[in-house]
Amino acid sequence: MLTRKTKYGLKAMLALAREHGRGPVLIAGLSRQERIPQRFLEGILLELKHRGLVQSRKGPGGGYQLGRTPDRISVGEVIRVLDGPLALVSCVSQTAYAPCQECVTERDCAVRRVFQQVRDETARILDGTTLAAAASAGPHDEPSRQDFVQLGDGR
């Protein structure tokens, strides 16, 4: 389950994606628009800034904006920055691998095989969904396979 921090982070990133190209967005307005407590949002945006996903500008005309174009940031990347690995068990994680203590061999572990598939499909969907694609979907749109655009596919 997503943490509240990650859900708020995704909401903020999607709002910034919709505003992309229009200049920085004030944190107070973003907080109010997305119904995210401002102090909580400040911490989230600072974490995203440290990882290069957002930029900030101080002073008049300042605020926050995406660090890259929305078609170059995936939902999976945002989740990993705020929540860590996508994998539900450490033995299938690509970013935080650790062997399970109770397994004799990973190759023979049926639990690992199932959760490897879960991780692979989760990563395929989340890493293949850009902020641009997610932000442009309407409120009642069902995602189609073409909405899950792989980063770096030339678009």
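Numbering of residues begins at 1 and proceeds along the displayed sequence. Values below: every heavy atom of this structure, side chains too, minus hydrogens, waters and symmetry copies.
- We find that Arg113 and Glu106 are not joined by a salt bridge, their nearest charged nitrogen and carboxylate oxygen being 4.0 Å or further apart.
- In this structure, the side chain of Lys11 engages the main chain of Glu34 through a donor-acceptor pair within 3.5 Å.
- The two residues Gln65 and Gly23 come nearest to each other via the heavy atoms OE1-C, 3.7 Å.
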Could you pull out every donor-acceptor pair under 3.5 Å between side chains of residues 86-95 and any protein atom, sequence neighbours left out?
residue : atom : partner : partner atom : Å
Ser90   : OG   : Ala98   : O            : 2.9
Ser93   : OG   : Thr95   : N            : 3.2
Ser93   : OG   : Ala96   : N            : 2.8

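- When the side chains of ILVMFWY residues are joined at heavy-atom separations under 4.5 Å, either directly or via intervening members, Phe40 and Leu46 end up in two distinct hydrophobic clusters.
- Considering CG of Leu66 and CZ of Arg18, their distance stands at 11.0 Å, rounded to 0.5 Å.
- In this structure, the side chain of Arg80 does not engage the main chain of Gly84 through any donor-acceptor pair within 3.5 Å.
- Looking only at side-chain heavy atoms (C-beta outward), Leu26 and Leu30 stay at 4.5 Å or farther from each other.
- Of all non-hydrogen atoms in Met13 and Val54, the two that sit nearest each other are SD-CG1, 3.5 Å.
- In this structure a side-chain-to-backbone donor-acceptor pair under 3.5 Å is missing from Thr129 to Leu126.
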Kindly indicate, with the supporting measurements, whether the criterion side chain to side chain contact (heavy atoms under 4.5 Å, CB included) is fulfilled by Ile27 and Tyr64. CA-CA 7 Å; Ile27 195 167; Tyr64 282 89; 4.2 Å; yes
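- Interatomic distance, CZ of Arg119 versus CZ of Arg112, reported as 10.0 Å (0.5 Å rounding).
- Thr105 has its side chain within reach of Asp108: a pair of non-hydrogen atoms, C-beta onward, lies under 4.5 Å apart.
- Remark: Asp83 CG to Leu2 CG distance equals 6.5 Å, nearest 0.5 Å.
- Taking all atoms of both residues into account, the shortest heavy-atom contact from Ser56 to Lys49 is OG-NZ, 2.8 Å.
- Between Glu77 and Leu53 the shortest side-chain heavy-atom distance falls below 4.5 Å.
- A donor-acceptor distance shorter than 3.5 angstrom exists from the side chain of Ser31 to the backbone of Ile36, with no hydrogens or angles considered.
- Contact record, Gly9 with Ile44: CA-CG2, 3.7 Å, taken as the closest heavy-atom pair.
- Using a 3.5 Å distance cut-off with no hydrogens or angles, the side chains of Asp71 and Thr130 do not pair a donor with an acceptor.
- Under the rule for a ring-ring contact (aromatic ring centres under 6.0 Å, His included), Tyr97 has no partner lying at least two apart in sequence or in another chain.
- Summarising the geometry of Leu131 relative to Ala17, their closest heavy-atom pair is CB-CB, 4.0 Å, with the distance given to 0.1 Å.
- For the pair Gln38 and Arg32, the minimum side-chain heavy-atom distance is 4.5 Å or more.
- Separation of atoms CD1 (Ile73) and CG (Leu14) is listed at 10.5 Å; rounding is to 0.5 Å.
- Between Lys5 and Glu47 a salt bridge is recorded (basic side-chain N to carboxylate O distance below 4.0 Å).
- Heavy atoms from other residues, nucleotides or ligands lying under 6.0 Å from CZ of Arg4 number 12 at most.
- A distance of 12.5 Å separates CG of Leu48 from CD of Gln55, quoted to the nearest 0.5 Å.
- Closest approach of Gly76 and Asp127 over heavy atoms only: CA-OD1, 3.4 Å.
- For the atom pair OG1 of Thr122 and CD of Gln117, the computed distance is 11.0 Å after rounding to the nearest 0.5 Å.
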